[in-house]
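Structure first, commentary second.
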Amino acid sequence: MTNITLPDGKIIKFEKPVNGSEVAEKISKSLAKQALVMSVNGELKDLYHIIKEDSSVKIFTAQDPEGLEVIRHDAAHIMAMAVQELYPGTQVTIGPVIENGFYYDFARKEPFTSEDLNKIEKRMSEIVDKDVKVRREVWEREKAISHFKKIGEKYKAEIIESIPKNEELTIYHHGDTWYDLCRGPHLLSSGKIGKAFKLMKVSGAYWRGDSNNEMLQRIYGTGWANKKDLDKYLERLEEAEKRDHRKLGKEMDLFHFREESPGSVFWHERGWSLFQKLIDYMRLRQRKAGYKEINTPEILDRSLWEKSGHWEKFGEHMYTSTTPDEKIFAIKPMNCPGCVQVFNQGLKSYRDLPLKMSEFGKVHRYEPSGALHGLMRVRAFTQDDAHIFCTEDQITSESLSVTNLILDIYKNLGFSDVILKYSDRPEVRVGDDKVWDKSEAALLEAVKATKLEYSINKGEGAFYGPKIEFVLRDAIGRDWQCGTLQVDLNLPERLGASYVDKDGSKKVPVMLHRALFGSLERFIGILIENYAGKLPFWISPLQVVVIPVSDDFDDYAKKVSNEINDKGINCIVDLKSHNLNYKIREHSLSKIPVLLICGKKEVDSNSVTIRKLDNNKQENMKLDKFLEQYTALSQAPSN
RNA sequence: GCCCUUGUAGCUCAGCUGGUAGAGCAAUUGAUUUGUAAUCAAUAGGUCCGCGGUUCGAAUCCGUGCGGGGGCACCA
């Protein structure tokens, strides 16, 4: 007698041990058809696994995350099978499930081409049509190792050797000819994965993720429960491509890159205007929050970087500069040492703390060439940096006010979906454990106070202190890590910072590093992609274009444009001899939020006709009213 | 940095197996004076990323350097 408890608590009694398919069959015919895998007492199992004891069982279909995961996993295997059938001699390594799909890493001399990808995909489809059976076997360790070595699969043999001795080795057969070492579970047969998969791209990947190892070829695929989900995913990719800030940056005439300075931005007028608006906004907010803005040199003597520890730890990412008299300077990769030097000027009292110093500092980091990516990863960027010097007792309150400021500014820029990542002490660290206790507790308290979703990354903190990272979720669901708040228990001491405490003794202050955008450049990239280029009116670089219907109205259009500019709104007038349709199209494509049409009607009534981006409903308004309304709209949100 | 891929007019791209470049848009000029997403015509525009090689001859083939893209590794 085997009692099977279902998720709803119902118990089904079987005369003999049963497998998952039989359980599903008993529940309903349709479930039996859709069943992919099951869990037995919480453990995922193949459907043909025989349940000998009373257990609680749950059957999963493609609608469950567990089912979808197995579909992707099987797709990876079937891909490997197809590859080995088509390209004998190719070695298999690993092939896990990832977000939205799967990949498999292969060792093969010749590179896979995109044509190969088509062939592989076709062969996969054939294997699905053949509906080959999948079966699990347990192998002897030694047998497995010698077997895989014999057939030339040295990577598989290596994987087996690294599996702990007490673990069972399972081999999955797909049909009669192909098999792979795998933990499972898998589907009953290849037909179950369906056809909602697609091979996406080939790339290089290091064996075991280590750049000292040889490079393998990774084929990425995406896999879904049905065709509709696959199409939805492909559409999402397309949408992301449309929003690509590199493409929009060109169309909107914001910036460009060029060979003479890879990874550094050439800002055009409009892009720079956007850049400055963000800085203006930050200045406004920071002044209200009690920050003092400073500025420190871009180039500093090597000795300072040696003292701060950067020279040793991060030297390979630093640009250096040798003067004609052979002195070595470093171009700053971070603002903190310079800021501490400002703090060090003059005697500081405990009454001066907390002292908040902000700096829009341009830093240079020699990033590996392969890491560069538009505005998102550059070699020269501007941080909206600030350092807060405070006492240990002030860490909590300062952290709280930093988090509040950060979240509020994000919200005003259109990001209200924020996740926090909290990282505590790593194994290798500096500083007293008691101070670590204090700063960790302080930061965690700040995290909890936000009431936002957060994750704890154990041991991921910097060697000099714990940290919080702020992750933004954009309009199409992508996450971007931007802001950071870090406690530093190291640098002030290294650079000899101190203040005079109540009792007259000298003490070393705690320093908090914080940035909201992290990198202005990168944040602008994120803003562009979040809004698909359609930035809110107040932050748009060129806000209004005035278009006369014909050149009879040029003078009026010029007058309107001047009055708008006088209000501090960025506005131009388009007097080219193109027709109205042409101009509307041109300015819409470059994402100008407001177009004003001026013709006879407008001149007669001293008004403008407003056409907003993506909204061809027109609205006529008296010029005075327009000026009043849009001057207000053009203000940065503040509180 | 590593693997794959790619580099032709301001932009987007065509140019098959080697015979020294072509389109659309943009620009300029002229005509047109237009009421909500491309008016018409003419003109001009190119060390085919750099360097080297093969060849009678290279945008095309080979080598190398630089840049871009997709990943991997990196991201203080």
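A note on names: the letters A, B, ... follow the listed sequences, proteins ahead of strands, and every chain is numbered from 1. This is a predicted model, so every value here is computed, not measured.
- Residue pairs meeting the salt bridge (charged side-chain N to carboxylate O under 4.0 Å, His left out) criterion with at least one member in residues 569-580 of chain A, sequence neighbours excluded, are A/D574-A/K583.
- Every residue meeting the side-chain contact (heavy atoms from CB on, under 4.5 Å) condition with A/R473, not counting sequence neighbours, appears here in chain and number order: A/D417, A/I419, A/D479.
- Side chains of A/H513 and A/Q486: no donor on one and acceptor on the other come within 3.5 Å.
- Each of A/G374 and A/K600 lies near RNA chain B, and the nucleotide nearest A/K600 is the one positioned closer to the 5' end.
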task: Go along nucleotides 70-76 of chain B 5' to 3' and tag each nucleotide: B for a protein heavy atom under 4.0 Å from its base, S when only backbone or sugar atoms are that close, - otherwise.
output: BBBBBBB
Would you be so kind as to tabulate the donor-acceptor pairs closer than 3.5 Å made by side chains of residues 265-275 of chain A, with sequence neighbours excluded?
| residue | atom | partner | partner atom | Å |
| --- | --- | --- | --- | --- |
| A/H268 | ND1 | A/D253 | OD1 | 2.7 |
| A/H268 | NE2 | A/H256 | ND1 | 2.8 |

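- Side-chain atoms of A/K242 never come within 3.5 Å of backbone atoms of A/L237 as a donor-acceptor pair (strictly under, hydrogens ignored).
- The distance between atom CG of A/L216 and atom C1' of B/C4, rounded to the nearest whole Å, is 13 Å.
- Legend: salt bridge (charged side-chain N to carboxylate O under 4.0 Å, His left out) pairs involving residues 86-111 of chain A, not counting sequence neighbours, sorted by first then second residue: A/D105-A/R218, A/R108-A/E110.
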task: Go along nucleotides 36-48 of chain B 5' to 3' and tag each nucleotide: B for a protein heavy atom under 4.0 Å from its base, S when only backbone or sugar atoms are that close, - otherwise.
output: BBBB---------
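- A straight line from CG of A/D604 to P of B/G35 spans 16 Å, rounded to a whole angstrom.
- Using a cutoff of 4.0 Å between basic side-chain nitrogens and carboxylate oxygens, A/D244 and A/R246 are scored as salt-bridged.
- For the P atoms, the distance linking B/G67 with B/A31 amounts to 49 Å, nearest Å.
- A donor-acceptor pair under 3.5 Å links the side-chain atoms of A/N213 to the main chain of A/W207, judged by distance alone.
- Contacts classified as salt bridge (charged side-chain N to carboxylate O under 4.0 Å, His left out) and involving residues 514-527 of chain A (residues at least two apart or in different chains) are not found.
- Remark: A/Q84 engages A/V92, A/E153, A/W178 in a side-chain contact (heavy atoms from CB on, under 4.5 Å) (not counting sequence neighbours).
- For the pair A/K154 and A/E158, the salt-bridge criterion is not met [side-chain N within less than 4.0 Å of a carboxylate O].
- Counting all heavy atoms, side chain and backbone alike, A/E563 lies closest to A/L627 at OE1-CD1, 3.5 Å.
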Check: protein-nucleotides 6-13 of chain B nitrogen or oxygen pairs below 3.5 Å:
| residue | atom | partner | partner atom | Å |
| --- | --- | --- | --- | --- |
| B/U12 | OP1 | A/K250 | NZ | 3.0 |

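- For the segment residues 487-496 of chain A, no residue has any heavy atom less than 4.0 angstrom from an atom of RNA chain B.
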What side-chain donor-acceptor pairs closer than 3.5 Å can you find for residues 608-618 of chain A, not counting sequence neighbours?
| residue | atom | partner | partner atom | Å |
| --- | --- | --- | --- | --- |
| A/T609 | OG1 | A/E602 | OE2 | 2.4 |
| A/T609 | OG1 | A/N620 | ND2 | 3.1 |
| A/D614 | OD2 | A/K534 | NZ | 2.6 |
| A/N615 | OD1 | A/K617 | N | 3.1 |

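- Interface remark: the A/D551 side chain does form a donor-acceptor pair with the B/U33 base, using a distance-only criterion of under 3.5 Å.
- Regarding A/H256, its NE2 atom lies at a distance of 12 Å from the P atom of B/G68, rounded to whole Å.
- Distance A/I219 CD1 to B/U5 C1': 15 Å, rounded to the nearest Å.
- As rounded to whole Å, 17 Å separates atom P of B/C3 from atom CZ of A/R108.
- If you take CD of A/Q217 and C1' of B/U5, they are 12 Å apart, rounded to a whole angstrom.
- For the P atom pair drawn from B/C48 and B/C11, the interatomic distance equals 16 Å after rounding to whole Å.
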Polar-atom pairs under 3.5 Å, protein N or O versus N or O of nucleotides 61-64 of chain B: list them with distances, or write none.
none

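- The cationic atom of A/K313 (NZ for Lys, CZ for Arg) lies less than 6.0 Å from the six-membered ring centre of A/F463 and within 45° of the ring axis.
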message: Could you walk me through whether A/E367 and A/V378 satisfy the side chain to side chain contact (heavy atoms under 4.5 Å, CB included) test, starting with their C-alpha distance in whole Å, then the side-chain angles of each, then the deciding distance to 0.1 Å, before giving a yes or no?
response: CA-CA 7 Å; A/E367 302 285 0; A/V378 286; over 6 Å; no
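- Below 30°, between 30° and 60°, or above 60°: for A/Y233 and A/W224 the angle between ring planes is between 30° and 60°, a tilted geometry.
- Atom CG in A/D116 sits roughly 14 Å away from atom P in B/C4 (whole-Å rounding).
- Separating the CD atom of A/E619 from the C1' atom of B/G35 is a distance of 17 Å, rounded to the nearest angstrom.
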